[in-house]
Protein chains: 4
Amino acid sequence: MIEVALFGAGRIGRIHAGNLARQPRAKLKFVVDVDTAAAREVAAAHGGEAVAEAAVFADRGVQAVVIATSTDTHADLILSAAGAGKAIFCEKPVDLTVERARMCAQAVAQANVTCMIGFQRRFDPTFAALKTRLTAGEIGAAEMLIVTSRDPSPPPPEYVARSGGIFKDMLIHDFDVFRWILDDEAMSVYATGSCLTDPAIAQAGDIDSTAVTIRTRRGLLAQINTSRRAAYGYDQRFEVLGSRGMLQAGNHRPTEVRASTSASVAADKPEYFFLERYRAAYASEMTHFFDALASGSAVRTTIDDGVAALELAEAATTSWRERRIVEL
Amino acid sequence: MIEVALFGAGRIGRIHAGNLARQPRAKLKFVVDVDTAAAREVAAAHGGEAVAEAAVFADRGVQAVVIATSTDTHADLILSAAGAGKAIFCEKPVDLTVERARMCAQAVAQANVTCMIGFQRRFDPTFAALKTRLTAGEIGAAEMLIVTSRDPSPPPPEYVARSGGIFKDMLIHDFDVFRWILDDEAMSVYATGSCLTDPAIAQAGDIDSTAVTIRTRRGLLAQINTSRRAAYGYDQRFEVLGSRGMLQAGNHRPTEVRASTSASVAADKPEYFFLERYRAAYASEMTHFFDALASGSAVRTTIDDGVAALELAEAATTSWRERRIVEL
Amino acid sequence: MIEVALFGAGRIGRIHAGNLARQPRAKLKFVVDVDTAAAREVAAAHGGEAVAEAAVFADRGVQAVVIATSTDTHADLILSAAGAGKAIFCEKPVDLTVERARMCAQAVAQANVTCMIGFQRRFDPTFAALKTRLTAGEIGAAEMLIVTSRDPSPPPPEYVARSGGIFKDMLIHDFDVFRWILDDEAMSVYATGSCLTDPAIAQAGDIDSTAVTIRTRRGLLAQINTSRRAAYGYDQRFEVLGSRGMLQAGNHRPTEVRASTSASVAADKPEYFFLERYRAAYASEMTHFFDALASGSAVRTTIDDGVAALELAEAATTSWRERRIVEL
Amino acid sequence: MIEVALFGAGRIGRIHAGNLARQPRAKLKFVVDVDTAAAREVAAAHGGEAVAEAAVFADRGVQAVVIATSTDTHADLILSAAGAGKAIFCEKPVDLTVERARMCAQAVAQANVTCMIGFQRRFDPTFAALKTRLTAGEIGAAEMLIVTSRDPSPPPPEYVARSGGIFKDMLIHDFDVFRWILDDEAMSVYATGSCLTDPAIAQAGDIDSTAVTIRTRRGLLAQINTSRRAAYGYDQRFEVLGSRGMLQAGNHRPTEVRASTSASVAADKPEYFFLERYRAAYASEMTHFFDALASGSAVRTTIDDGVAALELAEAATTSWRERRIVEL
């Protein structure tokens with residue numbers, strides 16, 4: 001049994017706690033949250049104990065930590081966990097600055113601990129199946145990637161202000177999808193955007209709609225379009241054009257009911273948001289983490305992937321702010 | 001150039017007139033209709049002359065007739081045309097009685113003239129492609145056929161009273177589809193139904209909703225469901241289950257627009273009714289008729305097909321009225 | 001905590017054991033199976049104890065039993081459980097004879113215990129959403145129901161011989177769907193069928209392909225088509241035509257990947273079989289059972305539903321064997 | 001009757017000739033082509049006469065010209081026709097240089113003749129319906145446009161060399177779609193691309209895969225992705241995200257057959273290429289042209305639209321060649 005400490009008892013922390021509880025190889029030992037009531041509640045639901053951070057790192061029995069706290073605490077927790085020789089699962093992004101993220105990656109490398117970043121989309125059944133079929137050569141060589149990534153509604157302006165900007169907060173997942181699907185690195189990044197949904201977002205210095213283009217070292221092309229608001233729900237699609245065809249990953253629907261009326265033939269909207277759409281992915285990534293720990297094999301989404309996605313987010317931010325193409 | 005006389009200048013007659021006009025091998029010479037104004041209008045639009053019936057059969061130059069009049073006149077026109085040695089294209093059904101339909105078939109056989117019945121569905125691009133792929137063995141041997149056939153709205157009660165009943169008026173097309181697709185003949189027919197859309201239909205002695213089951217000589221199964229009313233338009237689908245898969249023929253939509261809103265992801269309703277859905281089929285069957293005349297080859301939907309479909313309609317009517325399975 | 005005994009440690013028993021383990025209100029106490037190794041394995045996985053049948057009924061602490069054994073043992077276990085005052089969840093069918101099923105229903109009524117029959121399809125997210133929307137009046141009054149129900153491949157002939165025939169073994173679910181969706185009872189049943197997939201099924205006295213038509217007391221129409229073999233997987237669809245439109249329940253796909261190649265635009269096949277397609281439904285029905293026990297409310301699929309579906313299966317069997325319409 | 005001269009008897013010229021022949025208000029009088037055999041063939045099929053260019057402009061009876069010749073002749077023919085006071089329908093692009101295109105627009109304005117540019121996509125049933133629904137406010141205010149535009153296979157390298165480059169040759173349609181759908185003008189254009197399908201295209205100084213981003217004056221965003229090769233056929237889609245939803249224009253399929261096999265559930269590929277996909281659009285634009293002439297109303301795709309699309313193509317070419325964002 002691998003004893004685990006969970007940092008963060010908020011929305012995503014609870015998802016991880018539930019998935020942790022279903023791991024045959026893991027046991028939730030500690031839950032840490034500044035909101036101690038929340039920590040106690042999660043601990044009670046899954047059999048652990050609510051403690052302060054120090055107790056975790058003082059406990060030699062804890063072999064792994066799951067970090068699901070607010071972004072500004074990720075780096076410190078990674079450094080502490082690496083220092084204590086504990087395996088790490090950390091939510092994206094590693095940090096809001098590339099420098100600190102790289103420092104974390106170095107610490108992880110020196111400590112030689114496993115560190116997995118929560119790019120759960122790679123574990124989504126549809127996305128993972130597409131990747132497998134692409135790798136198997138079903139459509140020949142990949143040439144273009146088109147990513148559509150839209151949230152159902154914008155976050156509150158105060159969240160936006162602390163978020164590091166849309167590229168680091170929202171598109172970081174899309175940048176990871178880009179690297180994973182095309183299996184190539186960016187040569188140039190162009191990003192533009194607008195504030196179209198809520199003026200408060202502009203006042204917070206951010207945008208809510210973006211259009212990003214990446215050209216890779218091998219000359220492949222990727223376009224990413226995002227919006228903080230899609231009235232019809234969480235829109236998570238991408239398509240890859242290859243030399244022999246195209247693979248598309250479509251949205252998931254809650255049900256397969258179709259209604260034909262005098263108005264239209266209507267299907268369900270997509271799953272509402274990430275907790276619904278990526279439910280299976282969250283479960284699957286946690287299983288992957290503990291499988292990797294048990295077998296000693298590498299994790300599929302490393303801290304280096306976290307750094308690389310952040311570098312793209314930084315480049316996109318620069319491109320947007322300075323209205324120029326960023327060469328990498 | 002094949003000189004042609006058109007009987008009937010109503011809705012379907014005008015469709016045929018337009019398609020006739022596009023045949024490079026045919027020339028519309030005469031138009032006959034009891035409504036002489038309508039006849040003149042159609043003649044004027046396509047370059048023919050409005051005349052009385054007698055003029056057609058007295059004219060030796062007329063090589064072919066297209067019969068698009070009311071059902072009760074079909075048999076007499078077929079007999080006259082066969083007697084005059086003219087090729088015949090006739091709308092379904094041949095007649096409302098099996099006896100007279102058979103008599104027409106005999107007359108056609110004796111006169112050795114071409115007689116094509118307007119089962120246009122066999123010429124629909126989707127239906128025809130499905131048949132071709134089925135014949136090519138794409139899903140192995142056919143085992144079951146499910147036909148869905150629904151009109152957008154019921155006809156006026158006075159039409160129903162003269163229609164010969166829903167099985168002869170509406171399902172005759174579905175019976176032809178059954179024979180064509182399964183390439184087999186009925187062994188037993190069971191039909192039931194209800195009047196669910198308009199009590200006036202029941203008062204006219206008919207039903208508007210039917211459920212028919214046919215078992216063929218080879219033991220294949222077919223189910224046909226029909227309604228006089230589908231709020232979403234003209235619903236024309238069928239599917240064939242075979243030993244190695246299934247082929248489905250779906251509805252055609254006017255456009256490929258899809259709207260995602262807070263309510264749903266909505267596509268177009270099907271094409272509204274037969275004039276829209278089978279526009280290409282009507283054009284294609286007319287081309288087939290004149291191609292067959294020009295080349296001397298057989299037509300694909302003969303008067304024998306017309307008689308066979310009518311026999312099934314008669315059997316279904318008996319099954320429904322007498323609440324029994326009809327063995328053939 | 002409700003202490004539960006599970007009868008049957010086979011394929012479906014294991015599904016129920018897993019779902020039982022996730023109930024916050026239930027605790028698996030005993031597992032019974034003639035295959036004691038299987039019983040022990042399931043018990044070990046979920047924390048119960050493998051015992052003989054007698055031990056269950058002698059234990060006053062056991063409040064509920066879950067029956068997932070072979071069909072011929074269902075009735076005796078229901079009678080024993082009812083006699084012992086225990087709540088019952090039993091897989092379909094109640095029994096292969098209507099008489100014994102009715103006897104069970106009487107025993108359950110007299111003992112005044114909860115008895116839920118495992119018609120899991122009512123708990124399928126797609127089917128349940130359709131029913132809710134139909135009840136809400138989205139398409140007006142229901143008029144016709146078309147059910148397509150096909151297995152991926154036929155069972156072994158020795159299974160067929162003991163199965164009670166296709167109508168009781170396979171269509172019993174479809175008969176329940178019919179009663180549930182149309183909220184009406186059958187007035188007449190017509191069934192025909194053939195053996196088209198495997199001659200061994202005919203030798204076992206059964207068929208593998210059926211076409212059933214039901215007319216209800218209110219004159220509604222239902223058609224059910226089934227096959228023991230669909231090369232493309234488990235085909236579970238139905239559609240309801242109503243006075244203002246149509247609701248369709250479609251198949252679920254493992255992923256939403258779509259491949260466009262020089263051959264076609266291809267989507268996934270349906271989920272392979274019932275364990276995959278109805279995974280969510282099995283979980284949901286178990287939650288419903290324990291929610292009902294906890295709240296004292298009625299279960300949604302009672303033993304009377306089990307008897308009624310069996311009566312329809314019996315009527316269909318008679319209709320098929322005696323080649324006649326069965327009036328109810 | 002409007003007497004018409006057709007310039008160009010090639011592939012697209014023949015399409016226009018056929019559509020001209022179906023106009024009740026127009027009569028094909030002359031056909032001009034350097035390939036006089038082709039000109040004679042088209043003239044023979046539709047009742048006109050093959051003549052030299054001079055004969056057209058000398059004939060005062062000719063009221064309209066349809067220009068379907070190679071691009072390098074468009075400008076001269078427009079200038080001659082405008083000078084002769086004849087109405088003009090001209091295929092895109094007006095010219096390969098913005099300067100000459102503007103000169104043509106001035107000549108047209110001074111002569112005060114009607115000049116319609118063949119942006120047939122605006123007349124595609126799906127695209128036109130989407131535009132109508134967008135204008136009606138169905139998804140609120142438009143925010144983003146994503147255009148996918150892919151040919152089935154690359155043109156021969158010698159065509160590429162004379163084409164003016166992919167942006168003027170292929171994307172000019174997409175630039176027109178952008179202006180039409182968003183009803184706004186570009187503020188900045190960024191274009192990148194690669195040669196991924198055929199090295200001969202690179203040798204001809206061009207690319208075959210592009211990614212274009214436009215930001216408009218109102219801050220709306222558009223992304224266009226194109227390829228000269230889609231193994232699955234002609235891929236012509238776009239989607240508009242608005243404040244209250246999304247409208248998508250999908251591909252058209254030849255038939256609505258769907259095949260479910262052990263491999264997949266497969267639908268038809270899209271219509272093969274522009275002659276198939278835009279057949280209805282070509283017919284409809286010609287009708288629009290003659291309706292406008294008859295009623296004296298403005299045409300929907302003017303020479304100014306032609307110039308504006310060309311300016312975008314020029315900006316994109318510059319952006320790609322000089323690796324910079326072009327501000328307009």
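Lettering follows sequence order; numbering is per chain, from 1. What's counted below: heavy atoms across the whole structure, side chains too, no hydrogens, waters or symmetry copies.
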* Region of B/Asp124 in contact with chain D, defined by heavy-atom distances below 4.5 Å ->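 Neither; nothing under 4.5 Å.
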
* chain D contact via B/Arg258 - which portion, at a heavy-atom distance below 4.5 Å ->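 It is both, since atoms from each part get that close.
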
Can you see whether [X] engages [Y] through a side-chain donor-acceptor pair at a distance of less than 3.5 angstrom?
X	Y	result
D/Arg150	D/Tyr232	yes
D/Thr226	D/Ser149	no
B/Ser243	B/Glu143	no

* **Centroid separation D/Phe127 to D/Phe238 less than 6.0 Å** =>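 Yes - the distance between ring centres of D/Phe127 and D/Phe238 falls below the 6.0 Å cut-off.
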
* Asked: Could you walk me through whether B/Tyr278 and B/Gln236 pass the side-chain hydrogen bond (donor to acceptor under 3.5 Å, both in side chains) check?
  -> CA-CA 10 Å; B/Tyr278 292 120; B/Gln236 297 282 293; 2.6 Å; yes

Below 4.5 Å, heavy-atom pairs only: which of [options] has the largest tally toward chain B?
options	result
D/Ala259, D/Gly245, D/Ser260, D/Gly250	D/Ser260
D/Arg253, D/Arg237, D/Arg22	D/Arg253
D/Ile139, D/Leu247, D/Leu241	D/Leu247

